[in-house]
Each structure stands twice: as structure tokens, then as C-alpha cells.
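No hydrogens, no waters, no symmetry mates; every other heavy atom, side chains included, goes into these values. Quick note on labels: first sequence line is chain A, next is B, and so on, each numbered from 1.
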Amino acid sequence: MSETPPPTPDDLDGLSFAERVQRVVAAIPEGRVTSYGAVAAICGAPRAARGVGAVLNGLAPEEEVPWWRVVNRIGVLSIPAELGRRTLQRTLLVAEGVAFRTENQVEMERHLWPAGDEVD
DNA sequence: TAAATGACTTAGG
DNA sequence: CCCTAAGCCATTT
């Protein structure tokens with residue numbers, strides 16, 4: 001059985017890019033992570049990785065979107081440390097059981113979502 | 001409407 | 001693998 005599969009193009013049909021991003025990120029299971037590019041690809045815009053970051057950056061608290069489960073392609077936390085939010089992201093990920101390779105880099109190959117070879 | 005910004009990614013050295 | 005430069009795109013001013 002598969003765990004919380006990503007939204008299908010049909011589910012995202014009719015939604016704006018920002019809505020799609022929120023929908024996809026909301027589907028990331030606890031303890032799993034993905035990259036901005038992967039989210040963009042699922043949204044149907046593989047080149048819009050930066051756009052994903054823009055959407056997450058403008059998220060309102062009431063959106064309740066697990067933005068901390070999105071890192072860059074190599075698993076590094078792309079949030080500016082000056083704002084202090086990067087530390088929050090690391091704390092949230094650790095609390096979910098995500099293993100870190102370094103202080104700012106997660107084992108994204110181990111926690112990557114969606115799973116690459118998941119056969120039922 | 002146009003210009004600037006940034007929580008990205010890829011290509012070259 | 002690390003660093004630099006260029007490309008890409010949605011959001012914000």
C-alpha cells in the first residue's frame with residue numbers, strides 16, 4: 001500500500017499555482033521531505049522551483065501547510081538563517097524523526113517523498 | 001504595467 | 001565535491 005500519494009494532475013486541475021503548491025506540500029507525510037523542484041514538477045511546472053519557495057515564503061499561519069518538509073535538491077535548508085526560521089525548520093524536522101547529515105542538511109535520500117521504488 | 005526579489009536548479013570550471 | 005555564472009518563475013513593490 002502506498003502512503004499519502006501526491007495529488008494527481010486531475011486534483012490540481014483548475015487551481016492556481018499557489019493553491020497547487022499548498023495542496024502538494026500538505027500531502028507530504030510526517031517525517032518525510034521533498035525538494036522545491038519536486039513540488040514544482042508535481043504542480044506541472046518543473047522549472048518553477050523558485051516559485052514554490054515564493055509561495056511558501058508568503059504562507060499565512062492559518063494555512064497550516066508543512067513548509068518545513070521542503071528543502072532544496074541536496075537536502076540543505078534553504079531558509080535564511082538570519083531570520084531564525086531555519087533553526088525552527090531543523091527543530092520541526094528532528095521532532096518528526098528526520099535524520100540530519102550535517103547541521104543544515106537532512107538525509108533527504110532516505111526521507112525523500114514520494115518514494116522512488118514503492119511497489120505494492 | 002514594469003522592475004526588483006528570492007525558502008531554486010542546472011551547467012561549467 | 002566546491003564554487004561561480006546564468007536561466008527560470010511566481011510573488012511582491
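Contacts of residues 9-19 of chain A with DNA chain C (heavy atom under 4.0 Å): A:F17, A:A18. Against DNA chain C, the stretch residues 41-60 of chain A makes heavy-atom approaches under 4.0 Å through A:R47, A:A48, A:R50, A:G51, A:A54, A:V55. Interface residues of residues 94-110 of chain A facing DNA chain C, ordered by number: none; criterion, heavy-atom separation under 4.0 Å. DNA chain C lies under 4.0 Å from no heavy atom of any residue of residues 63-80 of chain A.
When side chains are defined from C-beta on, A:V71 does not count as touching A:S78, because their heavy atoms never get closer than 4.5 Å. Between A:S35 and A:N72, the closest side-chain pair of non-hydrogen atoms is not below 4.5 Å. Here the side chains of A:V106 and A:L77 are in contact, with some heavy-atom distance below 4.5 Å. By the 4.5 Å heavy-atom criterion applied to side chains, A:F100 and A:L93 are counted as neighbours. Side-chain contact between A:V52 and A:F17 is present, with at least one heavy-atom pair separated by less than 4.5 Å.
For residues 4-22 of chain A, no pair satisfies salt bridge (charged side-chain N to carboxylate O under 4.0 Å, His left out), with sequence neighbours left out. The salt bridge (charged side-chain N to carboxylate O under 4.0 Å, His left out) pairs that include a residue from residues 78-95 of chain A are A:R90-A:E103, where partners are two or more places apart or lie in different chains. Among residues at least two apart or in separate chains, salt bridge (charged side-chain N to carboxylate O under 4.0 Å, His left out) pairs with a member in residues 50-76 of chain A are A:R69-A:E96.
Hydrophobic clustering (side-chain heavy atoms under 4.5 Å, transitive across Ile, Leu, Val, Met, Phe, Trp, Tyr) keeps A:W68 apart from A:I74. Linking Ile, Leu, Val, Met, Phe, Trp and Tyr residues whenever their side-chain heavy atoms come within less than 4.5 Å leaves A:V76 and A:V98 in two separate clusters.
Annotation: side chain to side chain contact (heavy atoms under 4.5 Å, CB included) contacts of A:A49 (sequence neighbours excluded): A:Y36. Every residue was checked against the side-chain hydrogen bond (donor to acceptor under 3.5 Å, both in side chains) condition with A:R23, not counting sequence neighbours, and none meets it. The side chain to side chain contact (heavy atoms under 4.5 Å, CB included) search around A:A54 returns none, not counting sequence neighbours.
A:V21 approaches A:C43 most closely through the heavy-atom pair N-SG, 3.7 Å. Here the closest non-hydrogen pair linking A:V24 and A:P7 is CA-CG, 4.0 Å.
The backbone N or O of A:G31 lies less than 3.5 Å from no partner atom in the side chain of A:W113, so there is not a single donor-acceptor pair. At least one donor-acceptor pair under 3.5 Å links the side chain of A:H111 to the backbone N or O of A:A99.
Counting 5' to 3', DNA chain B first comes under 4.0 angstrom of a heavy atom of chain A and last does so at the ends given by B:dG6 to B:dT10. The nucleotide range of DNA chain C contacted by chain A, defined by atoms under 4.0 angstrom from heavy atoms of the protein and reported 5' to 3', is C:dG7 to C:dT11.
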